[in-house]
Structure formats: structure tokens, C-alpha cells
Amino acid sequence: ALTASLALTGTFTEGTTDIISFFNKIYVTTTTDVAIMNTDLTAGDSTWWSVTATGTGAPFGVLTTGVRHPMIIFQDYIWVADNNRIHQITSGAGGVKSKLTLGSSHNITALGLDSGNGYMLIGTSVGLDYSGTIPTDNYIMIYDGISNQPLRTVAVEGTINAFYNIGGTVFVTYGNKLGYWNGSGVTYLRTFKNVTLTGSDLAYKHHICAIDNTLYVVDGNQVL
């Protein structure tokens, strides 16, 4: 269970939900919204994005249901994926709706940072492929945070589940595999022994951590 449940109501789904701390607030994506609370777990607002937040495009309305909602801090803003769009949270008061809109066929599955050039990495699949079991076209897009479209798009072989930076290397989980971003694609490292192509089983962002320069990934009922 997420700690956020102490202060917030809503549907928190593994793979869909992300949680991030930004400027003394905690932001959590639910299946349909971005919730907010103080870092002491008080003043919870479960419909902050859809009802409370102000800014360009407000009222922002609910997030798209049935898709992942990863977040990332990039250029001192929070960016929130919402199907083929990315919204920008500029402060605890509000943000910008649809700061970046991709083609309607793209569904954003993961957000990361390229440690080489500092740009945002956007993992997408064409159509909804929540668990990575449906044959789809998959891509990593490189975005500078300013342009109205990504700078470059690279085809990859599996649905991207997470990006994770350690010591200048961007590790990538995709399908039931682990690799790393080489600047032009994903270099394969290994297949997980216990991860099946099931929505709750995949190596999402919150199934990964690092201690010093060692990467740890939840691999089914084991830790790799």
C-alpha cells in the first residue's frame, strides 16, 4: 500500500500510479487524477489536478483512465504523462495542460532523463499495451522541454516500463527484459528469470532502486 493512502483517497494501481516529491509537496497519480498533500501527509487533495489546480488550460479535468501516469522532474517542473499528452506542473498552485501532445496513436508508458544530453526520454507504444503482451510498435522519443514535438524518435523492440539512471548509465526495463539506453536504442542485458508479462509483475519504476552504484530490480519473488 502507498503511504499516500494515509491522507488521500482514490484508486492507486501498480504500474499506473507514480509518486514524487516536489517543492515540499507530494504528488501522486491515481487512475484519473493527480493528488497532492504536504510532506507530513496532511492537507490531502485527491482531486487537485482536475478540480483545484489553476493555470493554462484550467480547469484541467480528469486524466485518461486505463493508461499509465508516470511523472518526472525535468527543468524544475513536474511532467505528468496522460495517454498521448504530457501535462506540466509548475507549482503547488497549478500548471499547464497538454504542454506536449504526441500523435493520437501513441500511449506514453514511461518517462526518464538522458544523462548524456539532459533531455527527457519518453517511452511510448502505439495503442494500449498495458502489460506488454500485444504486438505493437514501441518507441523512445527525445524531448527538450521547449519544442512542440520531440527532437528525435527511435524504434525499440519492447514496451518501455521504466528508465533508471545510475552513474551516467540509463538502465531500461522493457517487457520482461533489462537493458540500457545507448543513445540510439536499447542494448539488451538480460531477461528476468521470474517476471512474466503480467501488468502487476513488470519492472516498473517503483520496482527499481539503487544503493551506491548497484542496481536492484524486483524479479518476481526475488531481487536481482
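Owing to the predicted nature of the structure, the values given are computational and were not obtained by experimental measurement.
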Exercise for the section: Report the C-alpha distance between Thr136 and Asn138 in whole Å, list the side-chain angles of each, state the deciding distance to 0.1 Å, and finish with yes or no for side-chain hydrogen bond (donor to acceptor under 3.5 Å, both in side chains). Expected result: CA-CA 6 Å; Thr136 60; Asn138 301 284; 3.3 Å; yes
Practice task
Evaluate the side-chain hydrogen bond (donor to acceptor under 3.5 Å, both in side chains) criterion for residues Thr9 and Ser46: first the C-alpha distance (whole Å), next the side-chain angles of each, then the deciding distance (0.1 Å), finally the verdict.
Solution key: CA-CA 6 Å; Thr9 59; Ser46 300; 3.2 Å; yes
Practice task
List the steps and the verdict of side chain to side chain contact (heavy atoms under 4.5 Å, CB included) for Tyr119 and Leu151.
Solution key: CA-CA 9 Å; Tyr119 290 151; Leu151 304 178; 3.5 Å; yes
Practice task
Take Lys205 and Asp18 through the side chain to side chain contact (heavy atoms under 4.5 Å, CB included) test and state the conclusion after the steps.
Solution key: CA-CA 8 Å; Lys205 169 183 174 183; Asp18 199 357; 3.0 Å; yes
Determine all donor-acceptor pairs shorter than 3.5 Å in which one atom belongs to a side chain in residues 165-178; sequence neighbours excluded.
unit_1, atom_1, unit_2, atom_2, d
Asn165, ND2, Leu113, O, 3.1
Thr173, OG1, Ala162, N, 3.2
Thr173, OG1, Ala203, O, 2.6

Which atom pairs, one a donor and one an acceptor, fall under 3.5 Å between side chains of residues 80-95 and the rest of the protein, sequence neighbours left out?
unit_1, atom_1, unit_2, atom_2, d
Asp82, OD1, Thr64, N, 2.7
Asp82, OD1, Thr64, OG1, 3.0
Asp82, OD2, Arg85, NH2, 2.8
Asp82, OD2, His87, NE2, 2.9
Asn83, OD1, Asn107, ND2, 3.1
Asn84, ND2, Leu102, O, 3.0
Arg85, NH1, Ser98, OG, 3.3
His87, ND1, Ser98, N, 2.8
Thr90, OG1, Gly94, O, 3.1
Ser91, OG, Ala93, N, 3.1

Under 3.5 Å, which donor-acceptor pairs do the side chains of residues 49-60 form with other protein atoms, sequence neighbours left out?
unit_1, atom_1, unit_2, atom_2, d
Ser50, OG, Asp33, OD2, 2.5
Thr52, OG1, Asp45, OD2, 2.7

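Here the CH2 atom belonging to Trp79 is positioned 10.5 Å from the CD1 atom belonging to Ile72, to the nearest 0.5 angstrom. Expressed to the nearest 0.5 Å, how far CD1 of Ile73 lies from OG of Ser21 amounts to 7.0 Å. Separating the OG1 atom in Thr214 from the CG atom in Asp212 is a distance of 6.5 Å, to the nearest 0.5 Å. Taking CE of Met141 as the reference point, atom OG1 of Thr153 lies at 4.5 Å (rounded to 0.5 Å). In this structure, CD1 on Ile140 lies 9.0 Å from OG1 on Thr124, to the nearest 0.5 angstrom.
In this structure, Val126 and Ser105 have side chains that are in contact, with non-hydrogen atoms separated by less than 4.5 Å. Under the 4.5 Å side-chain criterion, counting only non-hydrogen atoms from C-beta, Leu121 is not in contact with Leu111. Thr42 is not listed as a side-chain neighbour of Met37, based on a closest heavy-atom distance of 4.5 Å or more.
Linking ILVMFWY side-chain heavy atoms closer than 4.5 Å, directly or via other members, places Tyr204 and Leu189 in a single hydrophobic cluster. Taking hydrophobic clusters as Ile, Leu, Val, Met, Phe, Trp and Tyr residues chained together by side-chain heavy-atom distances below 4.5 Å, Ile108 does not share a cluster with Leu63.
The shortest heavy-atom contact between Phe163 and Ile160 is CZ-CG2, 3.7 Å. Of all heavy-atom pairs spanning Tyr139 and His106, the tightest one is CD1-CE1, 3.6 Å. Residues Ile20 and Ile78 share a closest heavy-atom pair of CG2-CD1, 3.7 Å. Residue Met120 comes nearest to Phe74 through the heavy atom pair CE-CD2, 3.4 Å, listed as atom of the first residue, atom of the second, then distance. Nearest heavy-atom pair, Trp181 versus Asp114, reported as atom, atom and distance to 0.1 Å: NE1-OD2, 2.9 Å. Of all non-hydrogen atoms in Lys25 and Thr39, the two that sit nearest each other are N-CG2, 4.0 Å.
For Thr187, the side-chain contact (heavy atoms from CB on, under 4.5 Å) partners at least two apart in sequence or on another chain are Tyr180, Asn182.
Note on residues 215-224: pairs passing side-chain hydrogen bond (donor to acceptor under 3.5 Å, both in side chains), not counting sequence neighbours, are Lys193-Gln222, Asn194-Gln222. Annotation: ring pair (Phe, Tyr, Trp, His ring centres under 6.0 Å) contacts involving residues 21-45, sequence neighbours excluded, comprise Tyr27-Trp48.
With a 6.0 Å radius and a threshold of 12 heavy atoms from other residues, nucleotides or ligands, Asp40 has its CG atom above the threshold. For Asp76, the CG atom sits in a loose shell: 12 or fewer heavy atoms of surrounding residues, nucleotides or ligands are nearer than 6.0 Å.
Ile26 pairs with exactly one of Ile36, Leu8, Leu41 by the side-chain contact (heavy atoms from CB on, under 4.5 Å) rule, that one being Leu41.
Counted by atom type alone, His206 and Glu14 present zero donor-acceptor pairs between their side chains at under 3.5 Å.
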